[in-house]
> 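Submitted below is the structure of interest, expressed as structure tokens.
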Amino acid sequence: GLNIRFTDLFLSTFIILIPAQGDELQQIKIRTNSTQKQVEVLKREGEAVCCTQQYFSSSVRQVAFSASLMASGGGDIGPFNAYTSLIFRNVVSNIGNAYNPNTGFFTAPVRGVYHFNYHIYGHGHSSYGSGAVLVKNGEYIFMAFEHQTIHGANSANTVTMLLELGDVVYLLQRVNTRIYDDQLHYTTFSGLLLFPLCNDAC
């Protein structure tokens, strides 16, 4: 009889301990999840602070430019039998000096998201259209092209994309096309920094 009562008491104690330990483990799990969430929040806040510090410690805070093709006179450019760089020499604005009117290149002064748009104009022609492609580091991104036999051939395109520090963006005139510009500034190229982004190493 003593053995039976001792066994019953042991089993009862064991059964009571199991849910008690289970509750404790559940509480530990809850606290762990809460701590992980706090760490994630602190990490995001730290990245935001780091990004802000990177941006405002840079000499470049605002970046925007707008230019038209010809600084003086007017006329057609092309056609050419190969893709040819377009140099927009009539600079209306160049905040941050990221656009070079001598080469036609825009060089990203900071890692971030940029927005570009361009408008291409040409006179109607039976054989030649009017068009250009936006290029990033040698890679064709977006094309604008129009072909009309009479009147005008107007085309445009726009893109928003991530640029790393030092990335280069420019326009190439499409092969066998003609592009026109004059003092009314039909053909234009513009871009701006929308917002900076942290470096991965931050």
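Just so you know, residue 1 is the first one in the sequence shown, and it goes up from there. Heavy-atom basis, side chains included; hydrogens, waters and symmetry copies ignored.
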> What's the shortest heavy-atom distance between L165 and V110, and which atoms?
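Shortest heavy-atom separation between L165 and V110 comes out as CD1-N, 3.8 Å.
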> How far apart are the C-alpha atoms of Q173 and F80, what are their side-chain angles, what is the distance that settles it, and do they pass the side-chain contact (heavy atoms from CB on, under 4.5 Å) test?
CA-CA 8 Å; Q173 181 172 350; F80 303 109; 3.5 Å; yes
> Could you see if Y128 belongs to whatever hydrophobic cluster contains Y186? Use Ile, Leu, Val, Met, Phe, Trp, Tyr and a side-chain cutoff under 4.5 Å.
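No, it is not one cluster - the side chains of Y128 and Y186 are not joined through contacts under 4.5 Å.
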> Test of understanding: clusters of I, L, V, M, F, W, Y form through side-chain heavy atoms closer than 4.5 Å, transitively. Do I77 and L171 belong to the same one?
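Yes, I77 connects to L171 through the hydrophobic network.
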> With sequence neighbours left out, which residue pairs that include part of residues 67-96 fulfil the salt bridge (Lys or Arg N to Asp or Glu O under 4.0 Å) condition?
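Listed once each, the pairs are D76-R178.
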> Where is the tightest heavy-atom contact between A82 and V175, given as atom of each residue plus distance?
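Here A82 and V175 meet closest at N-CG2, 3.6 Å.
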> Rounded at 0.5 Å granularity, tell me how far CG in L172 sits from CE in M143.
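Taking CG in L172 and CE in M143, the distance rounds to 9.0 Å.
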> Please check this pair: side chain of N90 against backbone of S68, looking for a donor-acceptor N/O pair closer than 3.5 Å.
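No, N90 side chain to S68 backbone: no donor-acceptor pair under 3.5 Å.
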> CZ/F142 to CG/N157 distance, rounded to the nearest 0.5 angstrom?
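Going from CZ on F142 over to CG on N157, the span is 6.0 Å.
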> My understanding is that only one of Y99, Y114, Y170, Y118 makes a ring-ring contact (aromatic ring centres under 6.0 Å, His included) with F106; could you say which?
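Filter result, single survivor: Y114.
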> If you measure from CG on N117 to OG1 on T188, what distance do you get to the nearest 0.5 Å?
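One finds 6.5 Å between CG of N117 and OG1 of T188.
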> List the atom pairs, with distances to 0.1 Å, where a side-chain N or O of residues 132-141 and a protein N or O form a donor-acceptor pair under 3.5 Å, not counting sequence neighbours.
| residue | atom | partner | partner atom | Å |
| --- | --- | --- | --- | --- |
| K136 | NZ | L162 | O | 3.3 |
| N137 | OD1 | V168 | N | 2.8 |
| N137 | ND2 | D167 | OD1 | 2.9 |

> Taking only residues two or more places apart in sequence, or in another chain, which ones meet Y180 in a side-chain hydrogen bond (donor to acceptor under 3.5 Å, both in side chains)?
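Applying side-chain hydrogen bond (donor to acceptor under 3.5 Å, both in side chains) to Y180 gives D182.
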> Would you say the side-chain atoms of Q62 pair up with the backbone N or O of I95, donor to acceptor, closer than 3.5 Å?
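No.
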> Taking all non-hydrogen atoms of both residues into account, name the closest pair between T160 and V113 and its distance.
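Smallest heavy-atom distance, with atoms named: CG2-CG1, 3.5 Å.
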> Search all heavy atoms of S130 against all heavy atoms of I179 and return the closest pair with its distance.
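Nearest heavy atoms, S130 then I179: OG-CG1, 3.9 Å.
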> To the nearest 0.5 angstrom, please state how far the OG atom of S93 sits from the CG atom of L192.
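The OG atom of S93 sits 9.5 Å away from the CG atom of L192.
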> Do M161 and F105 belong together in a cluster built from hydrophobic side chains that touch within less than 4.5 Å?
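No, separate clusters.
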> Is the centre of the F88 ring less than 6.0 Å from the centre of the F65 ring?
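No, the ring centres sit 6.0 Å or more apart.
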> Would you indicate whether the side-chain heavy atoms of I120 and N154 approach each other to under 4.5 Å?
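No, every pair of side-chain atoms sits at 4.5 Å or beyond.
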> For I87 and N102, what are the C-alpha separation, side-chain angles and deciding distance, and is it a side-chain contact (heavy atoms from CB on, under 4.5 Å)?
CA-CA 7 Å; I87 302 175; N102 297 314; over 6 Å; no
> Search all heavy atoms of S155 against all heavy atoms of G131 and return the closest pair with its distance.
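Taking every non-hydrogen atom into account, OG-CA, 4.4 Å.
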> Would you mind listing every salt bridge (Lys or Arg N to Asp or Glu O under 4.0 Å) that reaches into residues 144-159, with sequence neighbours excluded?
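Salt bridge (Lys or Arg N to Asp or Glu O under 4.0 Å) check on residues 144-159 returns no pairs.
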> side-chain hydrogen bond (donor to acceptor under 3.5 Å, both in side chains) with S66: which residues, sequence neighbours excluded?
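Counting only residues at least two positions away or on another chain, S66 forms a side-chain hydrogen bond (donor to acceptor under 3.5 Å, both in side chains) with S190.
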> Tell me, please, whether F145 has R174 positioned over its six-membered ring: NZ or CZ under 6.0 Å from the ring centre and within 45 degrees of its axis?
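Yes.
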> Can you classify the ring geometry of Y121 versus H123 as parallel (below 30°), tilted (30 to 60°) or perpendicular (above 60°)?
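Ring orientation, 0 to 90° scale: perpendicular.
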> Return the set of residues passing side-chain hydrogen bond (donor to acceptor under 3.5 Å, both in side chains) with T158 (not counting sequence neighbours), or none when no residue passes.
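Partners of T158 by the side-chain hydrogen bond (donor to acceptor under 3.5 Å, both in side chains) criterion, ordered by chain and then number, come out as H115.
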